[in-house]
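Following: one structure in structure tokens, then a few remarks.
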Amino acid sequence: MREPVTFIEIDQDFCQLTFATGACQAVLGSPSGKCFNTLKTCQSTINFDPEPLTLRFSLKGQKNTPGIYSIPSVMSVSTAPTVINPGGGSKNSGPLGMRASLSVAFQDHPYSDNLVDKYVSDRTYNPLDRGTFWGKWLARNPYYNNRVIRVRDGYVGQALEDMTTRTYLIDKITGPDSNGKVTVSAKDMLKLADNDKAQAPKPSNGELIVDYGEDENITALRVTGANASEYPAPGVVRINRELMSYTGVTTISETEIHLTGISRGVMGSEQKAHKLADRVQLCLQYNNMRVDAIIYDLLTNYGDISPAWIDYAAWDAEAFLWLQQYTFSGIITEPTGVTDLISELSEQSLSHIWWDERQQKILFETIKPPIYETVPRVNDDRNIVADSVKIKDDPKARVSQVWVFFGQVDPTEKITEEENFRQLRVRADLEAESDQQYGDSSIRKIYSRWLITDAQAVNITTRLLNRFRDMPQTLTLHVDSKDRALWTGDVIDVTHRGIVDFFGSPKETRYQIISAEEVEPGHLTELLLVKYEYEIGLLFGRWMAHDAPDYADATPMQRATGMWWGDEEGRQTDGAQYLWS
Amino acid sequence: MIYLAPEITDFRPRIGYENLAVSVTGSSSATGFPVTAVLNPMTYERWRPTVAPANMIIDLGEVVEIDYVAMLHSLQGATLSIYHRQGSSGEWTTIHHELLITDNTPFMTVFEPVSARYISIVINQIREINVVNVGKVLTMETCITGNHSPGALSRNTEIRPNRSEGGQFLGRSVTHKGYETSYSFDFLPAQWVRDKLDPFVVAATKRPFFIAAEVDRFPEEVLYGWCNRDIHPSYTGALDYMSVSFQVEAI
């Protein structure tokens, strides 16, 4: 018998100094009284020295846990889970899928100021008789945006650090309303990379100090309003619709820098006339960089995401195994939303990133066969909760043609301008469009500033068509918390009476979990699954070393991760077959 | 658990609602668990010392007459000692000495009235105490009448099972939500209701209270509970007697 418990933790900034002592230069006896160790109440802000103070709350009615101080004022916790969109196939969301969010409702109440007021014993009033917890907290802590909020779900008797922990950033707090209800809304870490918060490249401050004619030869571009450090050399700048490369930068005075070694009208742009005060925008360039490294750079240098939230070693290992051919080059000539850029990269490399609330990391994965892992099995008897299954086809996600435009002519033109691309690779499944099958076409167009080679474009068209040629099927089901380890991104094999073969027998089918949510924390988890393209029963081979054994002499692991030429029907001696794609 | 001093032979129900404590000091307190927590009725605020044995000294502000001490606690396995005295120094008079606490049910001790200002509570292990009441206990005029579900047996529990598609038992989650019961008392003298019961009726709308219904047969059945509605005593129609009933939710 298990008894679920839930804790909500909010980290507020709390000055570690003591009022009017040591480094704190506030004055004792001030009319404002002692501060509350928050920036808003600080009387010596230059010395404000915050560290996180964790406030902990629990569900109303939840029993006290010895040694853990928590305020039982949480009325409800609801989450919208992360939904990943591998390959960007679902039209219900962009290539980055849907992001996780959290909403916690609290009941406001009188409060003793325990923990939040270091000087409560010096006050001349009883805090229980003055205001409420949230009223006072919001007055003292208006700068709560982007502070960490955690949800810990576990069981009675379990240590806090062993509980399932999900982490978010506070977005807003509403209330208290006239019923004393307060709602804290939070989003996952990737909110820091939202288009309205993160742009790449960052806007440049430099402006031209003189006019330049269309055909004028420029030996040194005169720029004001910026430091030399804003234009690292060598680089490329954009002025109106013209790109110029430069090889050096020199500081002339406090108000002027020169960009030297100028080449005009580069990378397909045209030379134009420019006027004094025209903006000089530094461009962001990536040359032959693997997709994971580009995404990492965008998140950490432009999205303001701490590297602590990313296990880059794991990213590197994933990309090393599966994405070696996805080295990209591209130039971004004006500030562009980081989320938009990452969406392009994800779609064009069939990889996806998402914030995993449990691991508290931004994860990076590609669509791949699960040949290095044991796939968990889920069935009607042991796992699937009664009456919880829903099966749905997603016709909007079906694709019969994939068009990939690449080889951008002029990077200053709009990315979706089809005439601005030198090359187009099209793959079509005409059988799928025939009257005997789906009876219409569904075209997916990809405009790529990143792809370098025709092989990359061919790969994308082939793999996207393989994945979305038939209507993707989604499955929703519930599992008991004994299976709560199953989570977003996992691949599982499902046997259910509603999924059958031609003869009506239940058919074990492989799915990927694209969303998981503990709809009743500690008790029930809802999984949203989409049929996985790498089916059960097929062998997925990889090129082997020259001294690898023959198939007959290979171990089961070698057979699972290697590949051999088959007979005229593509079969091995035991009938197994490798998929060539 | 309710303890009655040996000289007390009155086994009628007791209600401990009065709290005369004005201030308190403690030998040590863990961060987030100040000793002052025992003076407010919030059950989630507790005192937890950092070093054992530990003690707290409650100041009643002046010398007053008291006959009970009650606590909401997690002292199971620890010994509890309670003393009193009138001055800020001098000998302590024992109410309990090293009483072994065997469970975490609310604690009440009732004794012959004494005059005291300071109450010392000593525990020999690091444990938590949520609430302490010190004052005069209300002794009900009659025992409980009518149908009554003993408080400690009236659990409020939410049970959620999971069954698989194939009919197998997958798991069950239980959430304990405290206790809920009602108390009824008949044949209460009208004057007694006004003199003794009414102060409790007023207090019951403001703070939780301790209640022990069967102090001799089932002394372990003590609740720390609260009423969510006003209590309305009413005449029964028989002579000058009144009756009263009230619902209690308890932790």
Side-chain angles (χ1 to χ4, degrees), chain A residues 1-6 53-73 109-116 120-121 126-128 155-156 379-389 477-484 495-498 520-524, chain B residues 22-25 29-50 72-77 104 125-131 156-180 206-207 249-251:
Chain A
M1 196 76 66
R2 59 199 179 211
E3 188 170 345
V5 292
T6 296
L53 169 69
T54 299
L55 301 179
R56 195 169 286 119
F57 308 84
S58 50
L59 289 172
K60 280 183 82 167
Q62 186 170 304
K63 282 201 283 200
N64 293 329
T65 302
I68 296 177
Y69 176 73
S70 64
I71 303 171
S73 60
H109 53 90
Y111 189 56
S112 64
D113 280 353
N114 184 18
L115 276 187
V116 298
V120 63
S121 56
N126 182 352
L128 277 171
Y155 302 101
V156 169
N379 60 56
D380 280 341
D381 260 350
R382 297 168 63 88
N383 312 97
I384 301 174
V385 171
D387 305 325
S388 68
V389 176
L477 54 86
H478 291 169
V479 294
D480 182 81
S481 278
K482 70 174 180 62
D483 296 317
R484 71 195 308 209
T495 307
H496 171 61
R497 58 182 167 81
E520 293 182 45
H523 179 63
L524 199 66
Chain B
V22 170
S23 64
V24 62
T25 55
S29 298
T31 303
F33 297 89
V35 70
T36 49
V38 303
L39 296 187
N40 76 52
M42 313 300 187
T43 55
Y44 64 91
E45 299 217 331
R46 297 99 77 193
W47 172 58
R48 181 182 176 94
T50 56
L72 182 66
H73 65 91
S74 310
L75 296 178
Q76 183 178 10
N104 288 328
Q125 294 185 33
I126 294 177
R127 293 287 192 275
E128 294 174 2
I129 297 177
N130 310 51
V131 177
N156 207 351
T157 305
E158 185 182 328
I159 301 169
R160 289 170 295 161
N162 277 337
R163 180 175 59 88
S164 78
E165 281 275 341
Q168 304 288 335
F169 176 77
L170 290 179
R172 172 180 286 198
S173 296
V174 168
T175 307
H176 292 291
K177 293 188 172 178
Y179 301 86
E180 194 171 343
K206 295 180 188 157
R207 282 178 70 113
E249 279 183 32
I251 192 162

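None of the values given here were measured: they were computed from a predicted structure. All values below were derived from every heavy atom in this structure, side-chain atoms included, with hydrogens, water molecules and symmetry-related copies excluded. Each chain gets a letter, A, B and so on, in the order the sequences are listed, and its residues count up from 1.
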* Should we say atom NZ of A:Lys60 is surrounded by more than 12 heavy atoms from elsewhere, each under 6.0 Å from it? ->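 It does not: A:Lys60 NZ has 12 such atoms or fewer within range.
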
* Asked: Would one find more than 12 heavy atoms of other residues, nucleotides or ligands at under 6.0 Å from atom CZ of A:Arg382?
  -> no

Which atom of [X] lies closest to which atom of [Y], heavy atoms considered:
| X | Y | result |
| --- | --- | --- |
| B:Arg46 | A:Thr65 | NH2-O, 2.9 Å |
| B:Asn130 | A:Asn64 | ND2-ND2, 3.2 Å |
| B:Val174 | A:Pro4 | O-CD, 3.5 Å |

* When rounded to the nearest 0.5 angstrom, what is the spacing between CZ in B:Arg160 and CG in A:Asp480? ->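 One gets 10.5 Å once the value is rounded to the nearest 0.5 Å.
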
Check: [X] side chain, [Y] main-chain N or O, donor-acceptor pair, under 3.5 Å:
| X | Y | answer |
| --- | --- | --- |
| B:Ser164 | A:Asp380 | yes |
| A:Glu3 | B:Ser173 | no |
| B:Asn162 | A:His523 | yes |

Measuring heavy-atom distances to chain B, does [X] have an atom under 4.5 Å in its side chain, in its backbone, in both, or in neither?
| X | result |
| --- | --- |
| A:Asn383 | backbone |
| A:His478 | neither |
| A:Ile68 | backbone |
| A:Ser70 | backbone |

* Asked: Quick one: side-chain hydrogen bond (donor to acceptor under 3.5 Å, both in side chains) partners of A:Gln62, sequence neighbours excluded?
  ->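 With sequence neighbours excluded, A:Gln62 shows a side-chain hydrogen bond (donor to acceptor under 3.5 Å, both in side chains) to no residue whatsoever.
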
* Assign the ring pair B:Tyr44 / A:Tyr111 to parallel, tilted or perpendicular, where the plane angle (0 to 90°) is split at 30° and 60°. =>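 Parallel.
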
* Qualifying residue, where the test is side chain to side chain contact (heavy atoms under 4.5 Å, CB included) with B:Pro34 and the options are A:Asn114, A:Val120, A:Leu115 -> A:Asn114

Between [options], which has the largest tally of heavy atom pairs under 4.5 Å with chain B?
| options | value |
| --- | --- |
| A:Asp381, A:Asn379, A:Leu128 | A:Asp381 |
| A:Gly61, A:Ser58, A:Pro66 | A:Pro66 |
| A:Pro110, A:Pro72, A:Ala386 | A:Ala386 |

* Asked: Do you know which of B:Glu158, B:Arg127, B:Met42, B:Arg48 has the most heavy-atom pairs with chain A at a distance under 4.5 angstrom?
  ->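 Heavy-atom pairs under 4.5 Å are most numerous for B:Arg48.
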
* Would you say the side chain of B:Leu170 lies within less than 4.5 Å of the side chain of A:Ile384, judging by non-hydrogen atoms? ->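 A:Ile384 does not reach B:Leu170 side chain to side chain.
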
* chain A contact via B:Pro41 - side chain, backbone, both or neither, heavy atoms under 4.5 Å ->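 Neither; nothing under 4.5 Å.
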
* Residues B:Glu45 and A:Ser112: side-chain donor-acceptor under 3.5 angstrom -> yes

